[in-house]
Amino acid sequence: MKNNYINTLLFLAFSFTVWGQTKAPEPLLPVPSKNQLRWQQMEYYSFIHFSVNTYTDMAWGLGNEDPKIFNPTKLDCRQWARICKQAGMKGIIFTAKHHSGFCLWPSKYTDYSVKNAPWRNGQGDMVKELADACREYGLKFGVYLSPWDRNHPDYGKPEYITYFRNQLTELLTNYGEIFEVWFDGANGGSGYYGGANETRKIDAKTYYDWQNTYKLVRKLQPNIVIWNDGGDRADLRWVGTEAGYVGETNWSLLNATGDVPEQMLRYGVENGNTWVPGEVNTSIRPEWFYHPKEDKKVKTLPQLMDTYYNSVGRNGTLLLNFPIMPNGLIHETDEKNVLAFAQARREAFSKNLLINTKTQATNVRGKSSQFAPQKAIDQSKESYWATDDSVTKASLTVSFAKPTTFNRFLIQEPIWLGQRVKAFTLEAKVNDTWQQIAKETTIGYKRILRFNTVKATQIRLNITDAKACPLISNIEVYQAPIILTPPQITRNQAGVVHITPTDAESELFYTLDGSIPTSKSSKYTDAIDTGLGKVTVKAIAFSPQNKLQSEVAEEKFEIARKHWSIVGIQDKKALHVLDGNEYTSWQKDKVPTDLIIDLGKEENLVGFRYLPDQNWWAEASIISQYQFYVSNDNSNWQLVSEGEFANIKNNPTWQIKEFTSVKARYIKLKALKNIQENAASGYAELDILTN
Ligand code: FUL
């Protein structure tokens, strides 16, 4: 707040003393502090999750894990820093202490740390090794210090706050400049707590006395930004989801006090009285810590690109997490995908098509060249196009020297003067006619729009509503290459096939006869009814721009499940096991449990296949031991297969079991045990094999 006030005074002083020039617009409060502005300009940086629970394959440590399990024999913080640097990231935030309470630096205030781990014979300091690696690679360094500590005996008592601040002091004093500190919102619950093994509840608003903790943080690290979810309002906000996106409407504002429902976190508050911008935190894998079973679930290039457009492209920053493997390294798939993502961004944003174009605007502040529309394309982010104070609607037109093809538009406000624009549209002049290509709300620090390629002679930005005279510091236009990865092929219960491209601009071609598709095969325009029989669908994505095509996607489907029904289960969600969608599931809180299906008519069965629930939080329900029965009357059952789904914990993909051919109308999958030997069974899909 104080910083904002000083900024305002400096600005006013500056604008009144420059005689003879048009007065600069006054800041529209609130505005970001210098630290928040510097942070926003980083745009993209990484999270690293590593702790004792990496060795127990759990999302959260319990606080009783033996430090002896912590032994990353190949630990190399320079590998992490190299990958982050090559990925185009600007910093790393490290889980110095996660909820388990285990400290990755040799804190003076506890024995529950690397001091008692075999790693580096108890002499190691991982926070230092990473801080050094960051410095070597020119990255900023930040720390995650979990307020919740499931190990500490005093957690929940006032004494713990002293302990917490002592640890903060160590981290913010001994490791050079820290750009961000992360205070996680998960607070209180069951834990070891020095052997008490109980549940301790705290009031996250009052227990930590955040205001005094913040004072300490700012005293020790004057350039820092504080992230806090759950406690008093800090410098940065959570966006209400870990799925990797923030709202398209995204105000960097909240109110200083009062509760913040998830909706507000997602969109910010248009008339909020405090600058609290959103940081999009998400993991490159489903979970934050490393779990071998997620090795095939690393976010792919198109998923990472979506995350980027939905975070940095929506006035947020992107905090992308790497889980560290037990050996101390980032997995090769994570590295490969994040570097492919960097390469794709370089290709997409390599050539700004607005350089050397001509601009004009419906209003220019004081008709002064200092605020001319050309300032929005002059490649300086400091200068900006501004209108007169009385104006809240204005247009800026750019003329290309020749018809130009593009599919991305990037726009920025000079946010140090406040976030102003409430609504805008973008038009392109195609064959002498203006076409609207986007209708949007907020801009903020950066907005990037994706749309299908247009070929235009001019573009027109219309600011249709703003909180004060609009200011635009930068616009850019690009032609991003189409991302050609194999499309996704699904078939629903009725036998209808859908093919989904990863890039909406690509064209799809397919075959149903097993032959390799080319751009001369059938073009996919709508769902394909493939009848009830078995079918093999092969498909490619094709770029009409450069005539390139993806690798071939292939799915072999068994007979359609159109006439199947689930016997004796009222829960409608059970139908998810037949819907052909791997991401929907049905859960039963019972083991053993029977899933009986009426196939509608007698079939010649030679096997079955089961896909467990794919959601990481449902992993307890993965069936590990089963029996499979068939029947012709739903009363006399014949056991045709039994045993285990080996390695399903680490690799929860389709489990295929074959058996001697048998004719039957009813099937029954009996779940006998799940991987955690508790009472839950979960199913994404169940299918049969026929001959
Ligand atoms: C969450 C934590 O509970 C997760 O384990 C992880 O650290 C994530 C970034 O924040 O709230």
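Numbering of ligands and ligand atoms starts at 1, following listing order. Starting from 1, each residue takes its place in the sequence as its number.
Here L220 pairs with T169, L172, T173, L216 under the side-chain contact (heavy atoms from CB on, under 4.5 Å) rule; sequence neighbours left out. Y245 pairs by the side-chain contact (heavy atoms from CB on, under 4.5 Å) definition with T241, A243, R266, N310, R314, not counting sequence neighbours. A search for side-chain hydrogen bond (donor to acceptor under 3.5 Å, both in side chains) contacts involving E242 returns W288, not counting sequence neighbours.
Near ligand 1, heavy-atom contacts under 4.0 Å come from F47, H49, W60, H98, H99, Y144, W182, D184, A186, E242, N281, W288.
Using the six-membered ring where Trp is involved, Y144 and H98 have ring planes that are parallel, under 30° apart on the 30 and 60° scheme.
A salt bridge is absent between K299 and D334: the closest approach of a Lys/Arg side-chain nitrogen to an acidic carboxylate oxygen does not fall below 4.0 angstrom.
N674 and N678 make their closest contact through ND2-OD1, 2.6 Å (heavy atoms, listed as atom of the first residue, atom of the second, distance).
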